[in-house]
Structures are given as C-alpha cells and as structure tokens.
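Quick note on labels: first sequence line is chain A, next is B, and so on, each numbered from 1.
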Amino acid sequence: MDAPEPRHTYDRIAEHFAVTREHPWPEVESFVADAAPVALAFDLGCGNARHAEVLTDVADRVLGLDASRGLLRTAQDRRAERGFGVDLLHGDAANLPIRPGQVGLAVYVATLHHLRPRERRIESLDELARVLAPGGRALVGVWSTTHDRFDATTGFDTTVDWTLPDGETLPRYYHIYDPTEFDEDLAASELTSFDRFQSSGNCYAVVGPASG
Amino acid sequence: MKESLMEILCDPLDKSELELEVEERDGEEIIEGRLIGTVTGEEYPIEDGIPNLLPPDMRDD
C-alpha cells in the first residue's frame, strides 16, 4: 500500500481535524476515572491533547506525544485556551524517547492502527511495555472490523479519506483490526493484557508491563 | 519544553541520555535549542517549545 504516511496527512488536516475532535472518548474518561493517582501519565498519539487533558485529573505530570507537528500545534492551542498542563513531544510511537519504567498510566487510542507494517505495530506495543512502571496500566484502542462501516470480518489495510471544508480529500492509512488479530498482536508484544472489550467499533485492551 | 523533562527523556534510537543546549528560554520553558544524543551524537531540535524526537530518518520524508 503506497498511501502517504499518516503524519503528513495529519499535518495537512490538523486544524480541521482538531475541531472535530473536541470531546474526549467516554471509554478513556471511565478508564482514567477508575485509576489511582500517578506521578506520570502519557498520551501516546495525543492529537489535540483532549485525552492528555483528562489524564491531568489523576497525574502530577502528563506527557503527550504525536508524530504530526500540525496536530501538536493544535494541542498547544488547546493547552493555552483551556489552561491545563501537558508536556508535548514530537516523536514516533515505535521509538519512544522516554526512559523505561516511569509511566504509571497511559492512553494509546486511535493511533496504533496508523502504523505499518505489523512489525512496527508490535514494536510500538513493546515500547509502551518498556515505558510503563511496574503495576502501571494503559488503555490501548484501535479501529476494528466490528464497526458498522466495515463488511470484512478479518483485519485489513485500507485508506480512509479526510474531506477538508473546501472539498479536498486526503487519504489516511489504517490497519483495521479484527478482534482476534488484536489479541494476537498484544500477545506477541511484551505487554501483559488484563481486560479486553469492544465499544463503538473499536477494540480495547487494558494492559500492563511485562512484569504485570 | 520544561527543563525538568530531561529527567524523563532519552534518545529514541538507543535510549541513552541526552544533553540539552538552550538557544532561547522563557523562564523554565525552553523555546529553541537542541537535544544531543550522548552516545549516538544525533541532534534533535527543539522548535517552538516542542522537542522533535522523531528518529532522524522520519524527520522530513
């Protein structure tokens, strides 16, 4: 598949995309609401930092990392407008610039499915396992075949167009997961899985580091 | 970025320590500068307050 790298598409659509992503997802809100307070939380693939903002409720410090500079600018704007604290990093989900064992709570939603190929997705899950503190927990969520718009029952690569207000469309690469395959990728990684569930066309897992 | 982030960050390539060079600062916020891998020698720019820690081969393709 020769679709452009998603980070470049997001650079182009960032401003329009961010205003359509105003509200945090309820699945993330309830994961964070159930969590004990932590020193350091991490939003991997933070976009406009809407979930980093939720993490500030339970963490002394929150990191937000994204591969798209354009999206990070929208995160800077949201941080300034809404007055919450998040340390923003421009980086790659499969090569995290974070020391091991420090993150008590993490959210990794709507991002893993933009990485290709499978080896990079598993490397990224390994990186999440590396940065999680002993006993730390993360919520991982990906778009899946359980969504109404997909007929397929097994995972596949595709592009989904984003339409700008002027009508221009830009493709975004996705790997659409099937639930079994999501379990298999988690199992192939260093992460320990605790819970799985499906909601609104996404597959989710609550995970911890290799040590559990 | 805040200087205190140095306790958390590492080189994305080999996870070794980074060294900070500041060009422009506003209080504890570093606006422009660079992070340098103490082992890899890679330079990661800090631009408009955000460190660019993408692996070098992902920077501008």
Side-chain angles (χ1 to χ4, degrees), chain A residues 2 4-8 10-11 38-42 44 46 49 52 59-77 79-80 85-104 106 114-116 120 123-124 126-127 130-131 133, chain B:
Chain A
D2 58 359
E5 284 299 321
R7 68 181 183 280
H8 296 136
Y10 279 112
D11 283 344
V38 296
L40 184 65
F42 180 33
L44 177 45
C46 65
D60 299 333
R61 181 167 210 165
V62 179
L63 304 177
L65 179 143
D66 207 281
S68 162
R69 193 74 185 188
L71 286 179
L72 288 166
R73 277 188 212 103
T74 70
Q76 284 180 308
D77 293 344
R79 178 175 67 181
V86 57
D87 292 289
L88 297 170
L89 306 172
H90 193 182
D92 173 32
N95 292 278
L96 296 179
I98 299 170
R99 297 187 194 190
Q102 302 208 81
V103 173
H114 286 314
L115 272 59
R116 67 188 149 180
R120 273 196 83 226
E123 277 170 27
S124 173
D126 287 344
E127 279 286 80
R130 183 182 63 79
V131 302
Chain B
M1 63 166 263
K2 294 197 166 52
E3 188 158 357
S4 57
L5 259 188
M6 294 304 293
E7 295 163 19
I8 295 170
L9 298 181
C10 65
D11 193 316
L13 295 179
D14 70 347
K15 317 306 177 190
S16 61
E17 283 190 27
L18 295 163
E19 210 172 82
L20 172 66
E21 282 184 13
V22 179
E23 282 169 15
E24 186 189 341
R25 178 193 289 273
D26 180 7
E28 65 168 324
E29 194 73 27
I30 294 147
I31 310 295
E32 302 286 334
R34 66 181 72 82
L35 298 166
I36 300 161
T38 54
V39 174
T40 63
E42 283 296 342
E43 293 194 10
Y44 303 96
I46 303 166
E47 296 156 333
D48 192 24
I50 299 178
N52 182 350
L53 288 152
L54 283 171
D57 65 355
M58 281 180 69
R59 251 178 235 159
D60 334 275
D61 59 330

If only atom types and distance count, is the side chain of A/R79 paired as donor or acceptor with the main-chain N or O of A/A49 below 3.5 Å? no

For the atom pair CZ (A/R61) and CG (A/D87), what is the distance rounded to the nearest 0.5 Å? 4.0 Å

So which part of A/L40 gets closer than 4.5 Å to some heavy atom of chain B, the side chain, the backbone, both or neither? side chain

Output for pair (A/R120 CZ, A/E127 CD), nearest 0.5 Å, gives 11.0 Å

What residues form a ring-ring contact (aromatic ring centres under 6.0 Å, His included) with B/Y44, not counting sequence neighbours? none

Any sub-3.5 Å donor-acceptor pair from A/Q76's side-chain atoms to B/D48's backbone N or O? yes

So do the side chains of A/E5 and A/R116 get within less than 4.5 Å of each other, counting heavy atoms only? yes

Sort out for me which residue in A/L72, A/V62, A/V86 forms a side chain to side chain contact (heavy atoms under 4.5 Å, CB included) with A/C46. A/L72

Does A/H114 reach the side chain of A/R7, with side-chain heavy atoms less than 4.5 Å apart? no

Would you check if the side chain of A/D11 reaches a backbone N or O of A/R69 as a donor-acceptor pair within less than 3.5 Å? yes

Are there residues of residues 27-38 of chain B that reach to under 4.5 Å of chain A by heavy atoms, and which ones? none

Under a 4.5 Å heavy-atom criterion, the part of residues 11-18 of chain B in contact with chain A comprises B/P12, B/K15, B/E17

Of B/L53, B/I8, B/L9, B/I46, the largest count of non-hydrogen pairs under 4.5 angstrom with chain A goes to B/I8

Who wins among A/Q102, A/H90, A/R130 for the most heavy-atom pairs under 4.5 Å with chain B? A/H90

Gap between atom CZ of A/F42 and atom CG of A/L89 - 0.5 Å precision: 7.0 Å

Does anything in residues 91-99 of chain A reach chain B? List residues with heavy atoms under 4.5 Å apart, or say none. A/G91, A/D92, A/N95, A/L96, A/P97, A/I98, A/R99

